[in-house]
Q: 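Next up is a structure, given as structure tokens.
Positions are given from 1 along the sequence.
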Amino acid sequence: MEDMEHNKAPSVIDRYYTRWYKTDIKGKDCEDQCVLQHSNRICVITLAESHPILQNGRSIKSINYQISAGCSRLHNRVSGKSKRGGQFLTEFAPLCRITCTDGVEYTIYSCIRGRLLEVNEDILERPELLLGKPSTEGYIAVILPKIEESKTVTNGLLSREEYESVVSKRTRSTQPEPQPC
């Protein structure tokens with residue numbers, strides 16, 4: 001009986017974070033991302049469960065935080081209590097590019113405005129973390145929204161229920177052979 005009660009306990013993510021979703025980023029079907037928002041304003045950027053990278057047993061060839069010739073997210077450095085020095089990101093700022101072994105490349109965006117605190121360097125050496133544990137050890141980046149924007153940072157994002165409704169509609173589409181993303 002005790003084991004059954006233990007299995008119903010919420011995960012750390014479910015207990016301390018609110019999940020927000022951005023679907024079809026930049027008009028690209030099914031390229032959904034998740035923003036885990038903590039009560040202290042910190043936001044963790046992850047792939048949503050429906051993202052094509054996490055579907056159909058795909059494998060990752062490479063992850064690249066080099067956004068352009070002059071901009072690498074790996075060179076981001078913050079210091080002090082107010083996290084000075086971190087790169088400021090807009091809603092559609094690219095965080096990294098992920099290339100799958102089938103040659104398809106996906107750009108992962110910040111989804112929210114804020115200061116980049118860190119990127120997950122562990123997934124460079126162990127991309128299987130991104131595939132197996134996208135909401136925990138396989139996160140993409142951590143962003144801190146401005147304090148004055150912390151209440152509105154999730155405007156334009158979907159709640160868990162709204163996201164599940166979007167995903168459900170995709171799989172029940174009126175096409176002759178409905179296919180999930």
Q: Tell me, do Phe92 and Lys26 make a side-chain contact under 4.5 Å, heavy atoms counted?
A: yes
Q: Is the distance between the ring centroids of His51 and Tyr106 less than 6.0 Å?
A: yes
Q: Could you tell me whether Phe88 atom CZ has more than 12 heavy atoms of other residues or ligands within 6.0 Å of it?
A: yes
Q: I want to check something: taking the side chain as every heavy atom from C-beta on, are Ile45 and Val35 in contact at a cut-off of under 4.5 Å?
A: yes
Q: Among all residues two or more places apart in sequence or in another chain, which pass the side-chain contact (heavy atoms from CB on, under 4.5 Å) test with Gln37?
A: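 Per chain and number, Gln37 pairs via side-chain contact (heavy atoms from CB on, under 4.5 Å) with Trp20, Cys43, Val153, Thr154.
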Q: Name the one of Leu47, Ile108, Thr46, Leu124 that satisfies side-chain contact (heavy atoms from CB on, under 4.5 Å) with Leu130?
A: Leu47
Q: Filter on salt bridge (Lys or Arg N to Asp or Glu O under 4.0 Å), then keep only pairs touching residues 38-52, sequence neighbours left out; what's left?
A: Arg19-Glu49, Glu49-Arg160
Q: Is the backbone N or O of Pro94 less than 3.5 Å from a side-chain atom of Arg97, with the two atoms forming a donor-acceptor pair by type?
A: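 Side chain of Arg97 to backbone of Pro94, a donor-acceptor pair under 3.5 Å: no, none is there.
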Q: Residues in side-chain contact (heavy atoms from CB on, under 4.5 Å) with Ser11, at least two apart?
A: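 Ser11: side-chain contact (heavy atoms from CB on, under 4.5 Å) contacts with Ile13, Asp14.
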Q: Would you say the side-chain atoms of Tyr163 and Ser50 include a donor-acceptor pair closer than 3.5 Å?
A: yes
Q: Between the side chains of Gln87 and Arg73, is a donor N or O closer than 3.5 angstrom to an acceptor N or O?
A: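 A donor-acceptor contact under 3.5 Å links the two side chains.
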Q: Any pair with a residue in residues 123-134 that passes salt bridge (Lys or Arg N to Asp or Glu O under 4.0 Å), sequence neighbours left out, goes on the list, sorted by first then second residue, please.
A: Arg126-Glu128, Lys133-Glu137
Q: Taking side-chain contact (heavy atoms from CB on, under 4.5 Å) as the definition, give me every residue that meets it alongside Pro134, ordered by chain and number, with sequence neighbours left out.
A: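 Listed in chain order: Leu54.
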Q: For Glu121, which residues count as a salt bridge (charged side-chain N to carboxylate O under 4.0 Å, His left out) partner, sequence neighbours excluded?
A: none
Q: Can you tell whether the side chains of Lys22 and Asp32 come within less than 4.0 Å, N to carboxylate O?
A: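 Result for this pair is no, no salt bridge flagged.
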Q: Hey, does the side chain of Asn76 reach the backbone of Gly86 with a donor-acceptor pair shorter than 3.5 angstrom?
A: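 No; judged by distance alone, with no hydrogens or angles, the pair does not exist.
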